[in-house]
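To start, the structure itself, in structure tokens.
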Amino acid sequence: MSEIFTKSMARNIYYGGSAFFILLFLALTFDTHNALPDRDNREALTSQAKAGKDLWEKYDCIGCHTLLGEGAYFAPELGNVYERFGESKEAFIGFMKSRPKDGVPGRRSMPQFNFTDQELDALFEFLKYADGINNENWPPNVQG
Amino acid sequence: MQYESQNTARLYFIGAIALFIGQILFGLIIGLQYVIGDFLFPEIPFNVARMVHTNLLIVWLLMGFMGASYYLVPEEAGRELYSPFLAKLMFWVFLIAGALTVIGYLSVPYATLADITGNGILPTMGREFLEQPTITKIGIVIVALAFLYNVGMTVLTGRKTVVSLVLLTGLLGLALLFLFAFYNPHNLVHDKYYWWWVVHLWVEGVWELILAAILAFVLIKTTGLDREVIEKWLYVIIAMTLITGIIGTGHHYFWIGVPGYWQWWGSIFSAMEPIPFFIMTLFAFNAVNKRKREHPNKAAVLWALGTAVLAFLGAGVWGFLSTLAPVNYYTHGTQITASHGHMAFYGAYVMVVLTIISYAVPILRGQEAKSNGMQVMEMWSFWLMSVSMVFITLFLTGAGVVQVYLQRFTDTPQPFMVVQQKMEIFYWLRELSGVIFLIGAILYALSFLPTSTHKQQASTTSA
């Protein structure tokens with residue numbers, strides 16, 4: 001770099017640029033928060049759904065699955081599992097209860113967590129809530 | 001070595017490399033579980049092995065950054081470390097907290113660990129990369145504060161160079177942003193929005209400041225170039241990092257429930273995120289080409305150049321591949337993401353820590369460089385790890401292309417598990433590359449084992 005572009009100019013771009021973009025980011029964050037009530041499906045965030053999120057975290061579901069595309073890529077996306085299971089609570093509960101304790105030979109299998117009926121209800125409500133978030137129509141299709 | 005207290009770095013470097021090897025072993029376990037689904041099931045389920053793999057990565061990189069700081073800050077500040085005792089103490093606190101956490105992951109079911117550690121009081125567990133029990137997270141904050149105090153006092157009472165100030169800014173940002181790990185609202189959109197303030201603003205923000213500062217330090221020392229020139233480059237790199245990377249957070253906001261305008265902000269700014277990495281590559285090659293001295297540590301220079309190249313490829317090019325919203329719509333959360341993650345972490349952060357270790361350890365032992373034979377071995381480790389990581393990335397990309405097409409793009413999308421079976425060949429090849437990577441990492445560690453000359457030197461110095 002030639003001497004026309006000095007170190008102090010570079011430093012000023014660093015300070016000025018960072019400060020400007022931090023402020024812009026905070027402004028966008030503020031605007032996002034204002035827009036969220038119409039998008040984030042908060043009316044479905046019942047106490048049951050909240051209990052479901054607590055379970056979701058306590059059992060580290062994100063360690064194998066993705067939720068809205070984030071997480072691990074070992075098991076299917078669950079942000080739209082409500083839809084994939086035909087919006088059926090029975091199908092969901094039946095699937096969860098049928099996981100074999102010792103897995104399936106040679107294949108990936110979800111552990112049997114022995115959830116109570118109440119816990120399964122909560123998880124279902126949480127996944128239903130997540131499915132209702134307006135997230136720009138992602139994933140592209142029901143397979144996730 | 002100019003200052004006695006630089007020696008504290010040694011502990012951190014040994015710890016970092018040991019955990020690095022552990023990280024790779026768990027990587028091989030989860031890689032195998034991708035093809036042999038019941039491997040180690042139900043003793044070590046995938047999610048547990050994966051959290052060990054990712055958390056060890058985070059911990060050893062942080063140890064590497066801390067070691068790097070304890071090595072370079074005294075030299076830059078022109079004084080001994082403020083408190084070598086605190087530095088040593090914090091190493092053991094950090095190591096023991098980390099070890100206990102990993103033992104916790106492996107010995108009891110995760111849900112039990114959450115109960116034992118009182119996660120119900122302040123729930124922070126069960127989110128990707130932030131799986132640590134809340135008490136471990138508090139421990140991390142304490143270690144980070146003690147570390148910042150120690151390094152900060154050294155810098156502030158000594159000579160303030162651009163390298164040490166940039167490093168300190170990066171470390172301060174790292175500690176402050178980690179506080180968002182304690183914010184875990186039930187509203188999933190809020191949760192995800194601020195989770196990225198830890199994850200993205202770390203690896204695509206403040207960590208890049210740390211990376212650039214360490215790289216600049218090694219290049220100043222090995223090329224003998226004028227500081228003024230290097231510092232100007234450093235400012236340009238970190239300016240571009242933050243100008244592109246802060247709004248670039250938006251590329252994680254495409255599909256999590258926030259307004260659609262983030263697709264524009266995220267696409268445009270993250271498309272520019274390769275620029276600082278490209279400048280870093282130009283900088284490193286320019287510095288080495290115009291060098292004013294021949295440093296005998298050829299391996300360290302190789303690592304420095306390798307960092308610049310693979311950081312650009314992994315973080316820059318592979319990141320760009322899936323960063324535009326219309327592309328990301330199909331690639332989000334697939335093996336394409338995993339391919340980028342692997343080469344970006346290796347190229348940027350693993351390699352810069354291996355660079356500073358390569359440069360500093362011989363000096364801590366009173367030599368400018370290792371013997372030729374040991375350097376050749378280290379260079380072998382460089383090529384084995386780097387080439388196998390390129391292959392890991394390519395195979396995961398191949399897997400990702402199959403996945404995106406069959407599960408997302410075709411007119412007749414197939415279920416996740418059906419598609420996974422069709423990707424098996426790529427997973428096997430990835431696993432094979434992983435084994436080569438492990439061999440490379442072991443060679444790296446071996447190339448630093450003390451030889452008989454070191455022992456002689458050590459005994460003469462102590463006598």
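Reminder, nothing fancy here: chain letters follow the sequence lines and each chain counts from 1. Note that this is a predicted model, so its numbers are computed, not measured.
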Pick whichever of [options] has the most heavy-atom pairs under 4.5 Å with chain B.
| options | answer |
| --- | --- |
| A:Glu77, A:Arg39, A:His65, A:Glu136 | A:Arg39 |
| A:Gly106, A:Cys64, A:Ala49, A:Cys61 | A:Gly106 |
| A:Asn134, A:Thr66, A:Leu28 | A:Leu28 |
| A:Gly17, A:Ala75, A:Gly52, A:Ala35 | A:Ala75 |
| A:Asn12, A:Asp38, A:Asn41, A:Leu67 | A:Leu67 |
| A:Val142, A:Leu55, A:Asp31 | A:Asp31 |

From [X] atom [atom1] to [Y] atom [atom2], the distance as rounded to the nearest 0.5 Å:
| X | Y | atom1 | atom2 | value |
| --- | --- | --- | --- | --- |
| A:Arg108 | B:Tyr34 | CZ | OH | 6.0 Å |
| B:Phe41 | A:Met110 | CZ | CE | 9.5 Å |
| B:Ile243 | A:Ser18 | CD1 | OG | 6.5 Å |
| A:Leu45 | B:Asn187 | CG | CG | 6.0 Å |
| B:Met51 | A:Ile62 | CE | CD1 | 11.5 Å |

On a heavy-atom basis, which atom in [X] and which in [Y] lie closest, and how many Å separate them?
| X | Y | answer |
| --- | --- | --- |
| B:Gln407 | A:Gln143 | NE2-O, 3.8 Å |
| B:Phe416 | A:Phe74 | CE2-O, 3.5 Å |
| A:Phe25 | B:Leu201 | CE2-CD1, 4.2 Å |
| A:Ala10 | B:Val236 | CB-CG2, 3.9 Å |
| B:Leu242 | A:Phe21 | O-CB, 4.4 Å |
| A:Thr32 | B:Val258 | CG2-CG1, 3.6 Å |

Report summary line: Highest number of heavy-atom pairs under 4.5 Å with chain A among B:Thr241, B:Asn47, B:Thr249 belongs to B:Asn47
Query raised in the report: Under a 4.5 Å heavy-atom cutoff, which of B:Ile36, B:Leu188, B:Val162 has the most pairs with chain A?
Result: B:Leu188
Report task. List the steps, then state whether side chain to side chain donor-acceptor pair (under 3.5 Å) holds for B:His186 with A:Asp54. Result -> CA-CA 8 Å; B:His186 279 111; A:Asp54 293 340; 2.9 Å; yes
Is a side-chain donor-acceptor pair under 3.5 Å present for [Y] with [X]?
| X | Y | value |
| --- | --- | --- |
| A:Glu70 | B:Trp196 | yes |
| B:Tyr193 | A:Thr29 | yes |
| B:Asn119 | A:Glu57 | no |

Report task. In plain terms, say whether A:Asp60 and B:Arg127 are close enough for a salt bridge, that is, a side-chain N and a carboxylate O under 4.0 Å apart. Result -> no
Query raised in the report: Can B:Asp191 and A:Lys53 be counted as an ion pair, charged N to O under 4.0 angstrom?
Result: yes
Under 4.5 Å from a heavy atom of chain A, the part of [X] involved:
| X | value |
| --- | --- |
| B:Ala111 | both |
| B:Thr410 | neither |
| B:Met240 | neither |

Query - N/O donor-acceptor pair under 3.5 Å between A:Trp138 side chain and B:Tyr329 backbone - result: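 Yes, A:Trp138 side chain to B:Tyr329 backbone: donor-acceptor pair under 3.5 Å.
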Report task. Give a yes or no answer on whether the side chain of A:Asn135 reaches the backbone of B:Trp255 with a donor-acceptor pair at less than 3.5 Å. Result ->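 Checking the backbone N and O of B:Trp255 against the side chain of A:Asn135, a donor-acceptor pair under 3.5 Å is found.
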Query - Engaged part of A:His33 at the chain B interface, taking heavy atoms whose separation is under 4.5 Å - result: side chain
